[in-house]
Amino acid sequence: LTPSLDLLRAILASYAVESGGTWTLRPEDSPTTRRVDLDSAMQILSSLAPRLGYSSASQDKPWRILRWLEAGKTVYAFHILASAVAAKILRTDEDPPERCILVLPGGRAGLLAFKLDRDPGLRSSAEGWRVLKFRQLRRLAELTNLTRQHWEKELSGDQLEPPEQMKLF
């Protein structure tokens with residue numbers, strides 16, 4: 001059950017930087033920093049909801065989810081993650097996929113793309129889901145004239161890309 005070299009490379013590219021033959025955790029991936037990022041993403045999404053005319057409801061178990069609601073119905077279900085461990089969410093979430101959004105660090109997007117590319121079952125489970133990277137969310141929150149139409153357009157604008165090929169040795 002040894003992971004493939006390609007998977008190890010994708011994980012390293014997602015979490016670490018190499019310098020002089022030594023791998024180091026990226027500063028933004030320290031547990032403290034990521035906790036702040038997760039809380040910030042939840043706060044930003046909570047503050048954007050009323051700006052766009054939605055109410056919101058959150059839950060922390062089994063996952064950190066914030067839903068934007070209109071007339072009591074889910075319009076968007078944001079699953080806020082610090083990692084690319086999304087298989088269980090993708091396979092078991094009860095909301096329609098077109099309403100579901102994974103919110104994660106940009107550094108995890110390549111790893112998630114790698115996982116989806118190599119696992120047809122996971123890729124099938126992810127059909128209809130969208131991904132919102134933390135940096136894109138922060139950028140959208142800064143827009144003073146954000147509308148529902150602009151929001152929807154922006155959700156489709158930042159696609160998942162596989163991680164860059166890197167030299168391991």
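Starting from 1, each residue takes its place in the sequence as its number. Everything numeric in this text was worked out from a predicted model, so none of it was measured.
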Query raised in the report: Is a side-chain donor-acceptor pair under 3.5 Å present for Gln59 with Arg67?
Result: yes
Query raised in the report: Of Glu70, Glu152, Arg130, which is the lone residue that meets side chain to side chain donor-acceptor pair (under 3.5 Å) with Tyr76?
Result: Glu152
Query raised in the report: Hey, is the main chain of Leu116 close enough, under 3.5 Å, to the side chain of Arg123 for a donor-acceptor pair?
Result: yes
Query - Electrostatic pair Asp37:Arg135 at N-O distance under 4.0 angstrom - result: no
Query raised in the report: Looking only at atom types and distance, does a side-chain atom of Ser124 sit under 3.5 Å from a main-chain N or O of Pro120, one as donor and one as acceptor?
Result: no
Requested in this report: Mark yes or no: Arg139 above the aromatic ring of Phe134, with NZ or CZ under 6.0 Å from the six-membered ring centre and no more than 45 degrees from the axis.
Outcome: no
**Report entry** Arg108 side chain vs Ser14 backbone, donor-acceptor pair below 3.5 Å
**Finding:** yes
Query raised in the report: Is it true that a side-chain atom of Ser4 and a backbone atom of Leu7 form a donor plus acceptor pair closer than 3.5 Å?
Result: yes
Query raised in the report: According to the ring-ring contact (aromatic ring centres under 6.0 Å, His included) rule, which pairs have a member within residues 31-54, sequence neighbours left out?
Result: Tyr54-Trp68
Query raised in the report: Looking at Ala141 and Leu48, what are the two nearest heavy atoms and their distance?
Result: CA-CD2, 4.1 Å
**Report entry** Lys115 (side chain) donor-acceptor with Ala84 (main chain) under 3.5 angstrom
**Finding:** yes
Query - Heavy-atom pair of closest approach, residues Leu45 and Leu137 - result: CD2-CD1, 3.7 Å
**Report entry** Under-4.0 Å salt bridge between Arg99 and Asp93
**Finding:** no
Report task. Name all residues meeting the salt bridge (charged side-chain N to carboxylate O under 4.0 Å, His left out) criterion together with Arg91; count only those two or more places apart in sequence or in a different chain, and write none if there are none. Result -> Asp119
Query raised in the report: Just by modelled atom types, is the Glu154 backbone N or O under 3.5 Å from a matching donor or acceptor in the Gln136 side chain?
Result: yes
